[in-house]
Structure formats: C-alpha cells, structure tokens
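Taking it in order: structure first as structure tokens, then the write-up.
Everything numeric in this text was worked out from a predicted model, so none of it was measured.
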Amino acid sequence: MFAARQAFGAVQRRAFSATARDASKVAVLGAGGGIGQPLSLLLKLNPRVTELALYDIKGAPGVAADVSHVNTKSVVKGYEQADVASCLKGAEIVLIPAGVPRKPGMTRDDLFNTNASIVRDLAKAAAENCPNANILIIANPVNSTVPITAEVFKSKGVYDPKRLFGVTTLDIVRASRFISQLKGTDPANENITVIGGHSGATIVPLLSQAGYNLEGEERDAYIKRVQFGGDEVVQAKGGAGSATLSMAMAGARFAESLLKAAQGEKGVVECTFVDSPLFKDQGIDFFSSQVELGPNGVEKIHPVGKVTEYEQKLLDACLKDLKGNITKGVKFVQENP
Ligand code: NAD
Ligand code: LMR
C-alpha cells in the first residue's frame, strides 16, 4: 500500500510540476476496465493532457463523468460503442488496454484468440481516424498485438514505425522495485533496463548495466520474479484478473514520457517494444530496448549494449520465443484481415 502511494505520489508530483504548453488529446480504448479506469484518473492528473477521450464497449461515459469531476483543467469525454471515430479524431496518443486479462494457469499467449481481433479492430479504427497518433499497446499478448497493429496500419498505407509502441514499462517498474527490495535502495532511484518482449522468457532484465551483480539462487530468483511478476499478481487475484493498478501507473508514466518528448524535452528514454533494427537479421522485427523519444515518436533506438554471459543466455532464449510470437501476430492479420 505504501509503495503504491509512493508511486502514485511520484506520478502526481511529476504531473503537477510539469507545464502544459500544447493541446494534447489522449484517448484510452478500454477505459472502463481494470487498467482503463485508474489509467484515466492518472491521465486526468497530468496537466500535459488537455483532452481525455475515454472509449469502451461498456461503461466509458460513467468513467468519464466520474473522472471529469477531478479539479484539473483537461476536458474529459466518454464515448460509447458506435462512437470510436469521434473518440480517436485529433488524438495525439492512443492507449489500448482493451482486451481480456489472464486467469490463473493461463499464459499471455492464451489470450491471443480473444484479444487479437479486439486489437485488430481498434487498430483499424485508429488507422482510419488518427493515422499520425502514437499508438501504445497494452493489451496482451504484447509480443503479438504490436505486430498485429503494425500489419493493420500497413494494410491501410499509414504505418509509421516510429509511432507504434508496445508498453513494457511495467517490467522496468518491477525490475526496479524488486532490486530495491534486495539492496535496500530507494526504488525511485532505480531504472533497470529490461529488453526483449513482454512475456516470461522474453523479458530480459540487464542488472549488470545498473552495476549490480547478483549470484546463484538470489540471481535466479530475482530474474524469475521479474519474468513472472505478472503471474504473481494473477495468482494473488485468484481469477479476478491481472495487474491493473501498477499497469495504470506504468502506462501513465510512458504516456507522460511521450508527451514530454513531444513538447521538446530532450533525452527522454524508455524501454519499449518497437519496430527495431537490432535483430531484423534474425527475422525479429520488433524488440524492446532503450528508446529515446522525440516529437516524432521514436527518435533513436539504443543497442543492447554490454551484457554478461548469463544475460546473453537469457537473450538467446528470448529471441527464440519472440520470433514465434511476432510471426503469429503477422500471420493472424494476413489470414484475418
Ligand atoms: P479488464 O477486463 O478489466 O478491462 C478490459 C476492458 O476492455 C473492459 O472494460 C472491456 O469492456 C474492454 N473491451 C473489450 N473489448 C473491447 C473493444 N472491442 N473495444 C473497447 N473496449 C473493449 O482487463 P484489464 O485488467 O484492464 O486488462 C486489459 C488488458 O491489458 C489485458 O489483455 C491484459 O492482459 C493486459 N495487460 C497488459 C499489461 C502490460 O504490461 N502490457 C499489464 C497488465 C495487463
Ligand atoms: C503483467 O505483466 O502483469 C501483464 O502482462 C498481465 C499478465 O497477464 O501478467
């Protein structure tokens, strides 16, 4: 509870110390859900957001009415099912947490059959109504839903690889929090690089780049906790869903970073799953590494950098899984346009 309050406080402090200069419409698709509601609240607290457009197949007008009473300047509107086009028109950022969450015993890939078509259809709406927006994919399996979105944008002739992001920020948040618990440091000062993708073995924390060197069982337990942190929450919620509050905080952090970069701040870097040159020679078109953000979205994709032998083994396992996840998403859109 204290950690959650601290994280929420940090988002609030950052938000209130920022200056809103430009008009920035931010849309949330899936705003009525477990992530969508707290994410909408955190975005309402961000003065860089001037208009908040909330869409869901159920409940968005209610969430919008509720959030709109928060005493910050932004205008909030809720949109119902027939209204996705109005929600998206003029959006600079579109966050997509729409889709079903896991239950105990499921992998993220088990969500593919339901979420692939949800994301495909929302991507079509975004490609038609706000082709230049930054699209932030939260719905799982991220390793496949990001390629799905890319294929949809390509099919409409509006794909800009610099504007599509798989949100993996929660992995960085977890990696940073968990190392702070082991080392007794302030989590606010930790920002562990996590590369690869967003599921199990594709999540590769690079502790060595933060100057940490865990050994043996402690190292294995740490890596496992970061790679399977999502399962920890799914188990604890006992069938009532997966991470929502920490994800909302992570999504709000990533949106804030994009807005800062769009409004001219330099050196804004986040790990995110993007169309990346790093492993294209191995047939892997999307990869998460440190990405510098700018007014046009992706400004610069940083290389993986120096890794230990152990981290290299994790990376090799990651690449193997990632390739299949990406191909599955691409194939889905080709077969189900
Ligand atoms: P939830 O079931 O609480 O909410 C999902 C919302 O999406 C619901 O309100 C539902 O009505 C809405 N929805 C469904 N189909 C829709 C459509 N076609 N258009 C608009 N809205 C639609 O689920 P949640 O806990 O909010 O999780 C949402 C997704 O986010 C899941 O797929 C989950 O696995 C994923 N997730 C990702 C991360 C990450 O790190 N990227 C973290 C946590 C959860
Ligand atoms: C997470 O990492 O918490 C999310 O991807 C949700 C999940 O299914 O674990």
| task | Please step through side-chain contact (heavy atoms from CB on, under 4.5 Å) for the pair Phe287 and Leu322, ending with a clear verdict. | result | CA-CA 8 Å; Phe287 191 80; Leu322 207 47; 3.8 Å; yes
Under a 3.5 Å cutoff, is there a donor and acceptor pairing between the side chains of [X] and [Y]?
X      : Y      : answer
Arg225 : Gln181 : yes
Ser208 : Glu311 : yes
Arg177 : Ser180 : yes
Asp171 : His198 : yes
Lys89  : Asn129 : yes
Asp275 : Tyr159 : yes
Gln81  : Asp83  : no
Thr202 : Asn143 : yes
Thr185 : Glu190 : yes
Lys237 : Thr244 : yes
Glu215 : Tyr310 : no

Does the side chain of [Y] come within less than 4.5 Å of [X]'s, by heavy atoms?
X      : Y      : result
Lys73  : Thr50  : no
Arg102 : Asn140 : no
Thr72  : Pro47  : no
Val49  : Leu259 : yes
Val75  : Leu52  : no
Leu95  : Ile93  : yes
Leu293 : Val291 : yes
Val167 : Met247 : yes

Common cluster, [X]/[Y], ILVMFWY with side-chain heavy-atom separation under 4.5 Å:
X      : Y      : value
Ile223 : Val307 : yes
Leu315 : Val194 : yes
Ile138 : Leu111 : no
Val173 : Val234 : no
Ile118 : Tyr79  : yes

| said: Is the distance from the ring center of Phe178 to that of Tyr222 below 6.0 Å? | reply: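 Ring centres of Tyr222 and Phe178 not closer than 6.0 Å.
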Check [options] against [X] for a side-chain contact (heavy atoms from CB on, under 4.5 Å) and give me the one that passes.
X      : options                : result
Pro38  : Leu245, Leu43, Val67   : Leu245
Ile195 : Ile203, Leu206, Thr168 : Leu206
Ser40  : Leu54, Val70, Val26    : Leu54

Say you draw a straight line from [atom1] of [X] to [atom2] of [Y]; how long is it, rounded to the nearest 0.5 Å?
X      : Y      : atom1 : atom2 : result
Phe273 : Ser288 : CZ    : OG    : 7.5 Å
Leu29  : Ile96  : CG    : CD1   : 5.0 Å
Lys323 : Gln282 : NZ    : CD    : 7.5 Å
Asp110 : Asn115 : CG    : CG    : 11.0 Å
Ile192 : Cys271 : CD1   : SG    : 10.0 Å
Lys260 : Asn46  : NZ    : CG    : 9.5 Å

| said: Could you tell me if Lys183 sits above the aromatic ring of Tyr212, with its cationic atom closer than 6.0 Å to the ring centre and no more than 45 degrees from the axis? | reply: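 Judged by the rule (NZ or CZ under 6.0 Å from the ring centre, within 45° of its axis), Lys183 is not positioned above Tyr212.
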Heavy-atom closest contact ([X] atom, [Y] atom, distance):
X      : Y      : answer
Arg108 : Gly230 : NH2-CA, 4.0 Å
Ala98  : Ala139 : O-CB, 3.2 Å
Thr272 : Gly166 : OG1-O, 2.9 Å
Leu278 : Pro303 : CD2-CA, 3.9 Å
Ser242 : Val233 : C-CG1, 3.9 Å
Ala133 : Val94  : CB-CG2, 4.0 Å

| message | Working note: Leu214 + Ile179, criterion side-chain contact (heavy atoms from CB on, under 4.5 Å); need CA distance, chi angles, decisive distance, verdict. | response | CA-CA 10 Å; Leu214 299 180; Ile179 195 68; 4.1 Å; yes
More than 12 heavy atoms from other groups under 6.0 Å of [atom1] on [X]:
X      : atom1 : answer
Lys77  : NZ    : no
Glu299 : CD    : yes
Lys162 : NZ    : no
Lys224 : NZ    : no

| field | Residue of the set Gln312, Lys320, Lys313 for which side-chain hydrogen bond (donor to acceptor under 3.5 Å, both in side chains) holds with Asp316 | value |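 Checked Gln312, Lys320, Lys313 against Asp316; only one passes side-chain hydrogen bond (donor to acceptor under 3.5 Å, both in side chains): Gln312.
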| said: Taking the basic N atoms (NZ, or NE/NH1/NH2) and the acidic carboxylate oxygens, is any pair closer than 4.0 Å for Glu335 and Lys331? | reply: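 Result for this pair is yes, salt bridge flagged.
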| field | Arg253 vs Glu270, salt bridge (Lys or Arg N to Asp or Glu O under 4.0 Å): CA-CA, chis, key distance, verdict | value | CA-CA 10 Å; Arg253 163 175 153 176; Glu270 291 281 1; 3.1 Å; yes
What side-chain donor-acceptor pairs closer than 3.5 Å can you find for residues 146-154, not counting sequence neighbours?
unit_1: Thr149; atom_1: OG1; unit_2: Thr145; atom_2: O; d: 2.8
unit_1: Glu151; atom_1: OE2; unit_2: Lys154; atom_2: NZ; d: 3.1

Would you check if the side chain of [X] reaches a backbone N or O of [Y] as a donor-acceptor pair within less than 3.5 Å?
X      : Y      : value
Lys44  : Ser74  : yes
Lys103 : Gly239 : yes
Glu92  : Asn134 : no

| task | Step by step, work out the side-chain contact (heavy atoms from CB on, under 4.5 Å) result for Tyr55 and Ile57. | result | CA-CA 7 Å; Tyr55 171 79; Ile57 49 171; 4.2 Å; yes
| message | The test is side-chain contact (heavy atoms from CB on, under 4.5 Å); show your working for Ser246 and Leu170 and say whether it passes. | response | CA-CA 7 Å; Ser246 49; Leu170 183 52; 3.7 Å; yes
